[in-house]
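Presented below is the structure to which this report refers.
Index from 1, following the sequence.
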Amino acid sequence: MDPVPKIDYYRNTGSVSGNKLNRPSLLEIHEQLAKNIAVSTSSVERVANGESTAGDETTASKEEENKTGLVKFGWVKGVLVRCMLNIWGVMLFIRLSWIVGQAGIGLGVIIILLATMVTSITGLSTSAIATNGFVRGGGAYYLISRSLGPEFGGSIGLIFAFANAVAVAMYVVGFAETVVELLKESDTIMVDESNDIRIIGTITVVCLLGISVAGMEWEAKAQVILLVVLLIAIANFFIGTVIPTNNEKKARGFFNYQASIFAENFGPDFRGGEGFFSVFAIFFPAATGILAGANISGDLKDPQGAIPKGTMLAILITTVAYIGVAICAASCVVRDATGNINDTVVSGMSCNGSSACNLGYDFSRCRNQPCDYGLMNNFQVMSMVSGFGPLITAGIFSATLSSALASLVSAPKVFQALCKDNVYKGLHFFAKGYGKNNEPIRGYVLTFVIAMAFILIAELNTIAPIISNFFLASYALINFSCFHASYAKSPGWRPAFRYYNMWVSLFGALLCCGVMFVINWWAALITYAIELFLYIYVTYKKPEVNWGSSTQALYYINALDSALALTAVEDHVKNFRPQCIVLTGAPMIRPALLDITHTFTKNNGLCICCEVYTGPRKLCVKEMNSGMAKKQAWLTKNKRKAFYAAVAADSFRDGVKSLLQASGLGRMKPNTLVIGFKKDWRNAAASQVENYVGVIHFFSIWLPTATCCLTHQKSFHIFFLISESTINTIQSMHMGEFNQKLLESSTQFKKKQGKGTIDIWWLFDDGGLTILIPYILTIRKKWKNCKLRIFTGGKANRIEEEKLVMASLLSKFRIKFADINIICDINMKPNKESWKFFEEMIEPYRLHESCKDITTAEKLKQETPWKITDAELEAFKEKVKPSLPFYICTYSYTVDQMLEVISKKILPVARKGVVSDYLYMAWLEILSKNLPPTLMVRGNHKNVLTFYS
């Protein structure tokens, strides 16, 4: 039995599509684990991190592993050895004595411990992140990207890989310079010093590339050999300190262990403009290299166990070695020496506390002229002190070559992981791997080219501070990742490594940033600028990945905290904004309705696209659940800042009721309903029309006053969107013309509107919603060329006064307008043509009971209760004699009118039992006849505008 599919169930499926796996029982999983069933590491990694499909990639991976046999390293060879070799660099042999000479033993140890504090905190953070799930290849990039997301990971991953590539050149040049020094001593320079460095550097990089391409197993063997040489060299130094010195070495300042030398060298003696921080900046690069093991995490047998154990132990061992070498060197060698064996103390000479003088040598002339020996002057102190000098040279070779080899392997591995994730689509070419260990051959070649370029043409002394800052930026983000994941309090943050603290990690991140400026302020600024540029680029490109980062978790925490804080804030008229439920159905079905709503809610208010599923409940729920993610994704893809919500109900009306009462959270609840006009009401079933009008009736119950409410104290406004198309015009079109008209209608609010007007029929005080919605439209980019034209009622003998009053009111509201029209004849009777059109429209839905006997009429009322009775029509005629709808629909308008906004108060309220469904729909139809796109707005008399600031 293959255990992988059962364990697969617990994979991270956040970004994976496919068939749902059958859930195994806990007993089955326990039995598999108890039997110690072998599951391949890489398969489990893919399963745990949710980066492959459940079946295909796991099977393919197992077949590949069975066929080729992957080479995996334990914590010693894979992490400990690499980290020690990368931390122990040339600095140990040729700069540490100078550092302790400048800073003294006391401050020198503090410098080492301060650097160790930075790396130790980073090591703890790395250990915590590495043990929070399976770790794949990619090192620092993988740890940061899976914690903080692709934006941070992608930006730091690229510069980290580049830093490692350039570091190859720096280490190789260090090796080549040492070789050239040996050539100078033997007078065997090939061309000149500069070109000899290039020649030797080129040959060295080619050899290292050959070792790397040969495979990780060969590279690991080479690292072990180099470590042995390095350990022998270090041991050689310590042995040399106890071997009795001779006159030549004494003249160069070496006197074996002396308490007087220790006391003299304990305090600082900064020279040449150096200070504590400048000396620290010189030493700090020697402490880096702690990610050498993590960078090949994909080649480790157990990354979760190997990275913490190997990294922290490497930091401990190397720190002890650095402190030991520093103290031993400063206890044996004086700061200044002439190298002249004849500079001995003359009888009767006063030593003035000089340890060298007390030991029989006079180096006093070094105070007035430069000397060549001593801690401050001779970079080859370790060679002089050691038992066998050439071993120190071998140690230098080992340190430089091992660091170069580690960087040459790290850069392609990190770069390959970055390219596999396709964060930068143009770099996917380098994702391909070869051989049994999926070696990034293309990455090796690229790293080789970069290293050669810097060896041949670059000024490495200038680039070195930037590279150091690149590494420090990686450390800072690893520390911040650990802090961020802890601070987000995501249930998924469960590291097996417990010896970390979120605040210590944050301190480590800040410390790394501070050290960046200490090392080189302009290099720090360049690093931040590059990282910011890459961050913005990746954010703009929005890679399609979902790694469950702590950034996502913090978004949730912040949103939750903000929503809770908002509940304590009372509503205020100045902060009113339309928060809309839009009855679009599926968002892509009614694009015009969504577009016009999105125009005034984008970055301003809540927009929820709602859909009601009616029919058999089980089928509806299944269909609804299967489309939720897809429809929300459509909104996101089309840059619509809106939510999608759906509900299954017995009827459209019941579904809308449920949505209105349950939608929203705290203060973020809808206060406005947006519903499209039901164009097919003439041909629709009576039950559909009843449900549609029933939704409006449901609001009519609650809307009359500003204190109206639904469940959870919601106050709603409502408005319709009515298109200019009518049944008659559609019937007269050919199919092709109709399709074109339909397309234009569906996209009319998506494009930028030309110069024109938005006509507002503000005839009744609804709290100001009728004027606020058009105003919001005009401040949007697509509608900024449109001006507001106000229509309002007034008396014929006071037209100018009415205009002034309205202009004054709008000025107080700070709302700009183009024109004000006072309508004086709104009480005129409808003309015969308009009334005839209306009667023809309602004719199929009239009962005509007055023409029938009482029995027949009563029977028809029972059979067709939705039909319009003669009594209802007569009563309705009397109620709406001031026939404004007919006035508006016959009002002449020009082609520059882009939108009509009408106070819906001019229409009768859709109250059940007061007005029949078809009569109400006919009034809506007549109102929009011959008009451009029309918004009918009905406020709830709650003020949404104010004079006051």
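- No side-chain donor-acceptor contact under 3.5 Å links R590 to the backbone of V582.
- One N or O on the side chain of S155 and one on the backbone of F152 form a donor-acceptor pair closer than 3.5 Å.
- Residue Y487 places its OH atom among 12 or fewer non-hydrogen atoms of other residues, nucleotides or ligands, all under 6.0 Å distant.
- Every residue meeting the salt bridge (charged side-chain N to carboxylate O under 4.0 Å, His left out) condition with R617, not counting sequence neighbours, appears here in chain and number order: D650.
- At least one donor-acceptor pair under 3.5 Å links the side chain of Q632 to the backbone N or O of A642.
- Shortest non-hydrogen contact noted between C607 and L594 is SG-CD1, 4.3 Å.
- Not one N or O on the side chain of D917 forms a donor-acceptor pair closer than 3.5 Å with the backbone of V693.
- Checking side-chain atoms of T757 against main-chain N and O of D759 turns up no donor-acceptor pair under 3.5 Å.
- Enclosure of atom NZ in K782 by more than 12 non-hydrogen atoms of other residues, nucleotides or ligands within 6.0 angstrom is indicated.
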Decide yes or no on side-chain contact (heavy atoms from CB on, under 4.5 Å) for K622 and S626, but give the supporting numbers first.
CA-CA 6 Å; K622 183 178 180 181; S626 64; 5.7 Å; no
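- Every pair passing side chain to side chain donor-acceptor pair (under 3.5 Å) that includes a residue from residues 638-648 is listed here, sequence neighbours excluded: D595-R640, N603-K641, E611-Y644.
- No side-chain heavy atom of P543 sits less than 4.5 Å from a side-chain heavy atom of D421.
- When every heavy atom of D654 is checked against every heavy atom of A649, the shortest pair comes out as C-CB, 4.1 Å.
- No side-chain donor-acceptor contact under 3.5 Å links R653 to the backbone of I696.
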Start with the C-alpha distance between I608 and C580, add both sets of side-chain angles, then the distance that settles side-chain contact (heavy atoms from CB on, under 4.5 Å), and finish with yes or no.
CA-CA 6 Å; I608 306 177; C580 302; over 6 Å; no
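- Listed for the Y424 side chain is a donor-acceptor partner under 3.5 Å among the backbone atoms of G154.
- Qualifying side chain to side chain donor-acceptor pair (under 3.5 Å) partners for K678, counting only residues two or more places apart in sequence or in other chains: D680.
- For the residue pair W493 / S486, a side-chain donor-acceptor distance below 3.5 Å is found, with atom types taken as modelled.
- Counting only distance, with no hydrogens or angles, the side chain of K803 and the backbone of N821 share no donor-acceptor pair below 3.5 Å.
- Between the side chain of N604 and the main chain of P578, no donor-acceptor pair closer than 3.5 Å is present.
- Heavy-atom neighbours of Y528 OH from other residues, nucleotides or ligands within 6.0 Å: above the threshold of 12.
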As a quick check of understanding, evaluate side-chain contact (heavy atoms from CB on, under 4.5 Å) for Q579 and R577, giving each step before the final call.
CA-CA 6 Å; Q579 302 194 118; R577 61 195 65 222; 4.2 Å; yes
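- For Y692 and F652, the distance between ring centers is not under 6.0 angstrom.
- Open room surrounds CG on L665; 12 or fewer heavy atoms of other groups in view lie less than 6.0 Å from it.
- A donor and an acceptor atom, one from each side chain of W681 and E925, are located under 3.5 Å apart.
- Between K784 and K752, the closest side-chain pair of non-hydrogen atoms falls below 4.5 Å.
- Other residues, nucleotides and ligands contribute more than 12 heavy atoms inside 6.0 Å of the OH atom of Y613.
- Looking only at side-chain heavy atoms (C-beta outward), R789 and I760 stay at 4.5 Å or farther from each other.
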Decide yes or no on side-chain contact (heavy atoms from CB on, under 4.5 Å) for L945 and L772, but give the supporting numbers first.
CA-CA 7 Å; L945 294 173; L772 179 63; 3.8 Å; yes
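- One finds a salt bridge joining R667 and E570 here, because a Lys/Arg side-chain nitrogen approaches an Asp/Glu carboxylate oxygen to under 4.0 Å.
- Between the S147 side chain and the I144 main chain, no donor and acceptor come within less than 3.5 Å of each other.
- Within 6.0 Å of the CE atom in M806, the count of heavy atoms belonging to other residues, nucleotides or ligands exceeds 12.
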